[in-house]
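Inspection log for the structure reproduced underneath, given as structure tokens.
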Amino acid sequence: MIRPTNRQLHEAPEALLAWFRRRQREMPWRGTRDPYAIWISEIMLQQTRVTAVTPYYLRFLERFPTVGALARARLGTVLKCWEGLGYYSRARNLHQAAKQIVRDFGGQLPRTAEELQTLPGVGRYTAGAVASMAFGLDEPVLDGNVTRVLCRVFRVAEPPKQQAVQKQLWRLARKLIPPGEAGDFNQAMMELGATICLPRNPRCDSCPICPLCRAHRYNEQTRLPRKADKKPLPHQTIVAGVIRKGPRILIDRRRPEGLLGGLWEFPGGKVRPGETLRQALRREVREETGIEVRVGRQIAVVQHAYSHFRITLHAFACEYQSGTAKPVQCDDVKWVTVEQLSQFAFPKANHGILKQLETSTKNTE
DNA sequence: AATGCGGGGAT
DNA sequence: ATCCCAGCATT
């Protein structure tokens with residue numbers, strides 16, 4: 001829920017406008033009110049930085065100075081002019097839209113946000129941008145910059161990707177527009193996001209609305225906007241055995257390639273569907289080291305998250321029964337004492353087991 | 001709601 | 001390496 005204060009509502013837009021009019025950067029499409037030129041610039045600026053766009057914009061307008069010129073051009077010519085800018089559907093849509101403007105709108109861009117959105121490649125953002133900057137309409141924009149600024153100034157705790165939050169941000173962006181000034185105000189918000197209210201290191205000491213910023217007050221400016229929750233990671237159940245043979249414990253070294261390569265671990269592995277934990281452990285120990293064990297009591301359960309999956313590790317005390325340990329499906333095996341364990345590198349997920357081991361050993365001494 | 005779509009600059 | 005950029009269309 002977004003709850004702007006009256007002070008924010010009244011003071012922030014004016015402060016931003018004043019700041020923007022003093023401090024805005026030079027851009028070749030600023031200062032023109034040619035709707036065609038503004039449209040081209042906005043399409044090019046979709047997901048693309050000002051510095052990347054500038055040379056393309058200049059070349060494009062020279063080559064296709066009007067809607068009619070663009071509509072008459074061959075697609076191949078348009079694409080050639082776009083070459084290197086990326087997102088080439090933008091160029092195809094631009095060409096299509098130009099033809100549509102000639103055919104349906106007499107060669108003039110439609111003058112409402114709603115009609116603008118009927119053009120291919122023109123969504124809610126671009127429609128608002130052209131409507132406000134080219135036609136002076138009080139239409140809002142919401143892009144990555146505006147989203148970041150709003151989430152910080154109004155301390156929006158929910159991820160702005162969520163549809164419900166999007167809806168509120170659009171409403172707020174509209175509400176903030178000083179009547180008749182949407183063009184400059186929208187640009188001011190984006191300019192602030194691009195130069196001051198930066199994603200990682202916002203320059204709050206240079207921000208014209210810092211005193212009105214809720215995130216800054218609570219020192220949360222680098223934690224907002226919140227990123228969408230990532231998808232739940234795939235999960236695996238793992239078993240491992242602390243296998244005793246007299247005073248020694250069996251460990252094995254993982255093969256040098258792959259996950260956790262070269263680290264030592266307690267023998268074990270993934271539990272297969274339908275297997276009990278103990279069945280899986282006996283099987284894995286046999287496959288990995290070639291020995292038979294009796295699985296005893298469970299000594300630890302460890303939850304661990306890797307970057308792209310997570311595991312639940314069940315550790316069991318085991319007793320050596322028969323066979324000779326050898327590196328069958330691992331790089332090396334070794335019988336060691338509890339005291340020696342600390343000399344070997346273990347994955348983080350095994351540290352809990354190691355700790356348990358030290359503790360229980362001391363207790364039995 | 002999730003993806004695909006490009007290429008480059010900042011960290 | 002990862003994030004992010006004056007987003008849109010498609011599924």
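Just so we're clear, the structure is a prediction, and the values are computed from it rather than from any experiment. In what follows, chains are A, B, ... by sequence order, proteins preceding strands, each numbered from 1.
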Problem set entry | Side chain proximity check, A:T126 to A:L116, heavy atoms < 4.5 angstrom | no
For this session: Consider only side-chain N and O atoms of A:R90 and A:N93, and report whether a donor and an acceptor are under 3.5 Å apart.
Result: no
For this session: Give the rounded distance in Å between these two atoms: CD of A:E83 and C1' of B:dG7.
Result: 13 Å
Give each protein N/O atom lying under 3.5 Å from an N/O atom of nucleotides 9-11 of chain C, with the pair distance.
unit_1	atom_1	unit_2	atom_2	d
C:dA9	OP1	A:G121	N	2.5

Exercise. Counting only N and O atoms by type, is there a donor-acceptor contact under 3.5 Å from the side chain of A:R253 to the main-chain atoms of A:W264?
Worked result: no
Check residues 169-179 of chain A and write down every donor-acceptor pair under 3.5 Å in which the side-chain atom is one partner and the other belongs to a residue at least two apart or another chain.
unit_1	atom_1	unit_2	atom_2	d
A:R174	NH2	A:E139	OE1	3.2

Exercise. Is the side chain of A:T32 donor-acceptor paired with the backbone N or O of A:W29 at a distance under 3.5 Å, no angle test?
Worked result: no
Exercise. Say you pick atom P in C:dC3 and the same atom in B:dT3; how far apart are they, in whole Å?
Worked result: 15 Å
Problem set entry | More than 12 heavy atoms of other groups within 6.0 Å of A:K80 NZ | no
Exercise. Just to confirm, is there a sub-4.0 Å distance from OP1 or OP2 of B:dA2 to any side-chain nitrogen or oxygen of A:K161?
Worked result: no
Exercise. How is A:G193 classified with respect to the nucleic acid when contacts are heavy atoms under 4.0 Å: base, sugar-phosphate, or nothing?
Worked result: nothing
For this session: Mind running side-chain contact (heavy atoms from CB on, under 4.5 Å) on A:I251 and A:E265 for me, showing each step along the way?
Result: CA-CA 6 Å; A:I251 61 176; A:E265 65 182 3; over 6 Å; no
Exercise. Roughly how far apart, to the nearest Å, are C:dA6 and B:dA10 at atom P?
Worked result: 12 Å
Exercise. Does A:R148 put a side-chain nitrogen or oxygen below 4.0 Å from OP1 or OP2 of C:dC5?
Worked result: yes
Exercise. If each of A:Q163 and A:S89 is mapped to the nucleotide of DNA chain B with the nearest heavy atom, which maps nearer the 5' terminus, i.e. the 5' end?
Worked result: A:Q163
Exercise. Where the side chain of A:Y125 is defined as all heavy atoms beyond and including C-beta, which of C:dC3, B:dG7, C:dA6 is the nearest nucleotide?
Worked result: C:dA6
Exercise. Do the side-chain N and O atoms of A:R255 and A:Q329 include a donor-acceptor pair separated by under 3.5 angstrom?
Worked result: no
For this session: Please work out which residues in residues 26-64 of chain A have a non-hydrogen atom less than 4.0 Å from an atom of DNA chain B and list them by number.
Result: A:Q47, A:T48, A:R49
Exercise. Of the nucleotides C:dC8, C:dA6, B:dA1, which has the atom closest to the A:E191 side chain?
Worked result: C:dA6
For this session: Rounded to the nearest angstrom, tell me the gap between atom OH in A:Y87 and atom C1' in C:dC5.
Result: 9 Å
For this session: Examine A:F20 and A:L142 and state if one hydrophobic cluster contains both, with Ile, Leu, Val, Met, Phe, Trp and Tyr joined whenever side-chain heavy atoms are less than 4.5 Å apart.
Result: yes
Seminar exercise, completed: Separation of B:dT11 atom C1' from A:L198 atom CG, nearest Å, is 11 Å
Exercise. P atom, C:dT10 versus B:dG6: distance in rounded Å?
Worked result: 14 Å
